[in-house]
Structures are given as C-alpha cells and as structure tokens.
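Presented below is the structure to which this report refers.
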Amino acid sequence: MPVFALVDCNNFYASCERLFQPRLRTQPIIVLSNNDGCVVARSQEAKQLDIKMGTPYFKVKALCDRHNVAVFSSNYQLYGDLSQRVMETLRQFTPDLEVYSIDEAFLSLDGFSHLDVAAYAQEIRTRVGQWTGIPVSIGIGPTKTLAKIANHVAKRRTQTGVFDLRDQTLQSEILATLPVQDIWGIGRRWAKKLPKFGIQTALQLREADPALIRRHFTVVGERLVRELNGDSCLPLENLMAKQNIMSSKSFGSLQTEFQPIAEALSCYAARACEKMRGQGSKAQGIHVMLRTSKFRQDCPQYSNGMNYGFPAPTSDTRVIAKAAKHCLAQIYRPGYAYQKTGVMLTDLISDSVQQQDLFQRGDDRRSERLMAVMDALNAQMGRKALYLAAQGNERSWRMRCDRRSPRYTTQWEELPTVS
DNA sequence: TCTGGGGTCCTAGGACCC
DNA sequence: TCTGGGGTCCTAGGACCC
C-alpha cells in the first residue's frame, strides 16, 4: 500500500517573519497580501484573536492596534528563499517529493515501510526545525487526501506535530468528526450542495455511492470518495514546467489613463517573461486582462480580456511586452477607474523541443543572448538593473507595501546585523 | 481611504471533418 | 424534398487549490 506524508509549514509567512525577529516570538503576527489588502497569514496568537484568513486589513486594523499585533507586508523574496531551504532539507529524506505549494510538500514513503514511519516523520520534523528554523506538521496516510486530513489532525490535536492515519479504525473515527467542507478538494459550492445528498461528514462522503457522486460532482468528486476509502487515485506529480504563467496585480490606487496602465502591464510582462525563461519555456500566445474594481459599485464597471497568438513561440520580453500593449490598446476604454491589469503567457512549450523555424533562427539566437544577459544582470544587481523603457520610471501605479521586512537572505544590503 | 495573486482540472457546446 | 453518426479540437466557464 502506498504511504504518503504531507509536510506543511506552520503559519508559514508568520514563521518566516519571526525567524529574524526573535522579539516577536510571543507577539501575534499577521502578514498582508499584495497591496496590503487582505490578511493571508496569521501566527497562532493572531488566530486566537479571531482574525480570519482573507479578511481585508482595514476591517481588523483597530483590533490589531489594540492587541499590539505585528503587521507585515508580503515579503515574497524572503518566503521563497526559506521555502527552498525547507524543500532541500526534505529532499534529503526521500527523492520522491512533490512540492505542492510554497509551504507544503507531499513525500512518498513507500520504500520506508520496514521502518517506523511515524518515527521517521518525527525525525524529518526535527531536522527541518534545526536546519531552517521553520516549524512543520506532518500527516501520514495511504492516499494524498488522507495524508492531508492527517496533517489537519497533527496541527490541531497533537503535541508532536505528527499524525499517522493509516489505520482504518482510526480513519473511521477521525472522518466521523470531520465536517465535509474541511476535506481537501471540497470548496464552498460543493460544501453547500453535499448536505442535500445527506452528506455532512467526511465519513458520510466516504460511504457515498461513487456513481452518484460522479453524476453530481464530476470525476473529481468520485476520485475524492475513492481516496477517502484508501484507494490512491492522485499520484505524486513530478514538478513539471508550468503550462501558463500569469502576472497581474492591483494598482496602488485606481488608474484612469492609458500610459501608466501600459507601463504597469509592461512590468508584469517583463516579470512573467523572467519566470518563463527561468523554467526554460517559450510562449505561443498571451492573454491580457483589464478591469475596474468590483468593490466600487459606485463607479462604472468594465472588464475585458484579449488573446493574441505569436507567429512563432517566443520568450523575448520586447516582443511580448509589445504584444501586450497592443492588446491593452484594443480593450482600454477611457472614462473608467481601473483597478487591475495583467498578462498571462499561454501554451508554453519547452524551448528545447521547439520546432525550428528556418527564417527566424538568427534573430532568435540574438534575442536569447540578450535576454540571458538581462536576466543575469538583474539577478546579480537587483531586479531593476536593466528594463524596458516601456516599463516607465515613475511607477505611480505601484503597489503599496509599507510594512515589508528586510529581504534578509536575498539582498546584501538587507542582511541582518548583529551588534 | 483601504478588499491578493497565481495556478490546475473538468465539462459543455460549437465548429469542423469524414 | 429528404439531411447520420461519430470523432476531434477548441473555447468559455466553473469548480477547486494555496
């Protein structure tokens, strides 16, 4: 029988902030989304203050002031770097690992069943703590879905941070007390719909007729039922290159003019291209979107998008930024207060298997070399060392991030100092 | 004043082909 | 006048995840 372990960092962003500021060890911490919009991470103490995930910051600001909550803007360079360290540590324990998100990884422990798997998990947890300073919880189960549930239990009901859910009797006991909406894969819509079939707990879903579930909840629902029954349907996925890469952000303030929006879009395009080259892909098309704020019902609403296909796959920022601007010009309408624009690079293919186009080869090589130089310079000297004029200088549309901590581990100027 | 960003998978329906 | 059935591909939209 397969054995999956789900390793999940506890309150990841909050733990990252705490790592470099020990004085915050007992203070409640929250981390805000881009633009300092919503609460996206909370330390244990902040959770106890009943600050909910996803709440707009302005709604809890007074509460935070009252309880001396440390508030941070997102510091993705820091979180990304610490995430990599955690994942590298995990890789020492098994090569069969799927990095599922910035703070989670599935491990396959199939080959370790001769060992005491729970003790092994305990060892993993200890070493990640020692090497990175990030606390993690580990759930063990015969399927990914059950490992996920085991992790949920490990976080809430154990002192050790490890919970083994391979035993069937134990499964029935745990699933009976687990509300169906807490299962991985059950979102808001399905949580509302399932009780109409008499299903409120995970146990009831496990015992439901797979065919009935398939009829009303597609094959995705059926797979879930099987997974709850210990029938592993979701394999470990090897980290494949992304099929689409998106970059979009809200403006720091609403924008009405074409020029600043176009500059913002050029920046997002440049960022997306960097990511794409980082994974060795080229795009065959793009999708550009532009929209007003849905929260400002007092303003006229407008939302539009446009696709564009390239004659040949490309990863050249100049080409892509130009195409993005062209799309923007088609969908932009004066007279609206825009909140957000973005670009998605679509239909990515590996640049090594790309069909060679006889007529473009020379240009392609020049372009690739130029982009390589640009990426190298920006990596070495900071992201804004070299950029397109189209990206603009003023950046009046820039996001707010007034409370970002130093990028301790990725910027020389921001290294922590000991005095 | 202030409401995130980045992904994946699945289905239905239309266009088109033989 | 009568107008099949099966297959593929594409897109839009809806659901989910962190």
Side-chain angles (χ1 to χ4, degrees), chain A residues 6 8-9 11-13 30-41 52-62 64 71-76 79-80 83 98-106 144-145 148 151-152 180-194 214-224 233-234 237 239-254 264 268 271-272 275-276 279 284-285 287 289 291-299 303-307 309 337 339-348 399-403:
Chain A
L6 176 66
D8 190 319
C9 300
N11 314 323
F12 183 54
Y13 296 171
I30 62 171
V31 180
L32 304 178
S33 62
N34 274 334
N35 251 326
D36 293 347
C38 295
V39 177
V40 291
K52 296 270 192 290
M53 183 76 175
T55 315
Y57 175 54
F58 71 90
K59 289 191 180 172
V60 291
K61 185 169 184 309
C64 290
V71 181
F72 291 93
S73 303
S74 290
N75 186 345
Y76 287 108
Y79 311 150
S83 170
E98 173 189 344
V99 177
Y100 178 69
S101 72
I102 194 165
D103 70 335
E104 275 174 84
F106 285 101
K144 280 181 161 184
T145 305
K148 195 85 179 170
N151 191 281
H152 183 90
V180 82
Q181 67 265 21
D182 290 353
I183 302 171
W184 181 48
I186 304 290
R188 283 222 301 277
R189 296 305 260 266
W190 288 6
K192 251 194 187 149
K193 195 167 150 191
L194 279 164
R214 180 178 191 137
R215 213 158 40 245
H216 293 96
F217 300 88
T218 78
V219 294
V220 180
E222 184 190 359
R223 232 167 17 212
L224 216 49
C233 307
L234 302 167
E237 307 206 8
L239 4 137
M240 287 194 327
K242 302 255 185 278
Q243 298 167 26
N244 299 297
I245 288 178
M246 174 101 172
S247 179
S248 80
K249 284 171 195 65
S250 300
F251 306 121
S253 57
L254 299 182
Y268 305 158
R271 176 75 191 116
K275 275 200 235 170
M276 175 168 65
Q279 71 165 38
Q284 304 188 82
H287 177 83
M289 52 80 56
R291 67 152 205 244
T292 55
S293 169
K294 56 178 186 253
F295 296 108
R296 293 292 302 270
Q297 289 300 331
D298 53 321
C299 301
S303 166
N304 207 348
M306 183 180 171
N307 291 315
Q339 182 228 353
K340 182 175 182 176
T341 187
V343 58
M344 178 152 68
L345 311 180
T346 58
D347 307 310
L348 305 193
M399 292 190 306
R400 291 179 301 272
C401 59
D402 304 333
R403 304 155 174 277

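This is a predicted model, so every value here is computed, not measured. Lettering follows sequence order; numbering is per chain, from 1. The analysis underlying the following values was restricted to heavy atoms, covering all of them including side chains, and did not include hydrogens, waters or symmetry mates.
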Side-chain atoms of A/W190 come closest, of C/dC16, C/dC18, C/dA12, to C/dC16
Nearest heavy-atom pair of A/K340 and A/F251: which atoms, and what distance?
N-CE1, 3.6 Å
Select base, sugar-phosphate, or nothing to describe what A/I102 touches, counting heavy atoms under 4.0 Å on all strands.
nothing
Which whole-number value in Å describes the distance from A/K192 NZ to C/dC16 C1'?
16 Å
Any idea which heavy atoms bring A/C64 and A/Y57 closest together, and the distance?
SG-CE1, 4.3 Å
So does A/L224 get a backbone contact from the side chain of A/T145, meaning a donor-acceptor N/O pair under 3.5 Å?
no
Using whole Å, what does the distance between atom C1' of nucleotide C/dC17 and atom NE2 of A/H152 come to?
16 Å
Side-chain contact check for A/Q243: nearest option of B/dT8, B/dT11, C/dA12 is B/dT8
For A/H287 and C/dC10, give me the distance from atom NE2 to atom P, rounded to whole Å.
18 Å
NZ of A/K144 versus P of C/dC16: gap in Å, rounded?
19 Å
For atom C1', what is the distance between C/dG4 and B/dC17, given to the nearest Å?
14 Å
Please classify the nucleic acid contact of A/Y100 as base, sugar-phosphate, or nothing, using heavy-atom distances under 4.0 Å.
sugar-phosphate
Report the relative orientation of the aromatic rings in A/Y13 and A/Y79; use parallel for angles under 30°, tilted for 30 to 60°, perpendicular for over 60°.
parallel
Using a cut-off of less than 4.0 Å, is there contact between a side-chain N or O of A/R223 and OP1 or OP2 of B/dC10?
yes
To the nearest angstrom, how far is A/L234 atom CG from C/dC17 atom P?
13 Å
Report the distance from atom OH of A/Y79 to atom P of C/dC18, rounded to the nearest whole Å.
19 Å
Can you check nucleotides 3-6 of chain B for protein contacts, nitrogen or oxygen pairs under 3.5 Å, and list what you find?
from, atom 1, to, atom 2, distance (Å)
B/dG4, O4', A/S33, OG, 2.7
B/dG5, OP1, A/S250, N, 2.4
B/dG5, OP2, A/S250, OG, 3.0
B/dG5, OP2, A/K340, NZ, 3.2
B/dG5, O3', A/S248, O, 3.4
B/dG6, OP2, A/S248, N, 2.4
B/dG6, OP2, A/S248, O, 2.5
B/dG6, OP2, A/S248, OG, 3.1

Provide, to the nearest angstrom, the distance between the CZ atom belonging to A/R189 and the C1' atom belonging to C/dC17.
16 Å
Mark yes or no for whether A/S248, through its side chain, and A/V343, through its backbone, hold a donor-acceptor pair below 3.5 Å.
no
Looking at C/dG5, which nucleotide sits across from it as a Watson-Crick or G-U wobble partner, both distances under 3.5 angstrom, or is there none?
B/dC18
Whole-Å distance, A/K61 NZ to B/dT1 P, equals 14 Å
At their closest point, which heavy atom of A/L348 faces which heavy atom of A/M276, and how far apart are they?
CD2-SD, 3.7 Å
Under 3.5 Å, side chain of A/E98 to main-chain N/O of A/F106, donor-acceptor pair present?
no
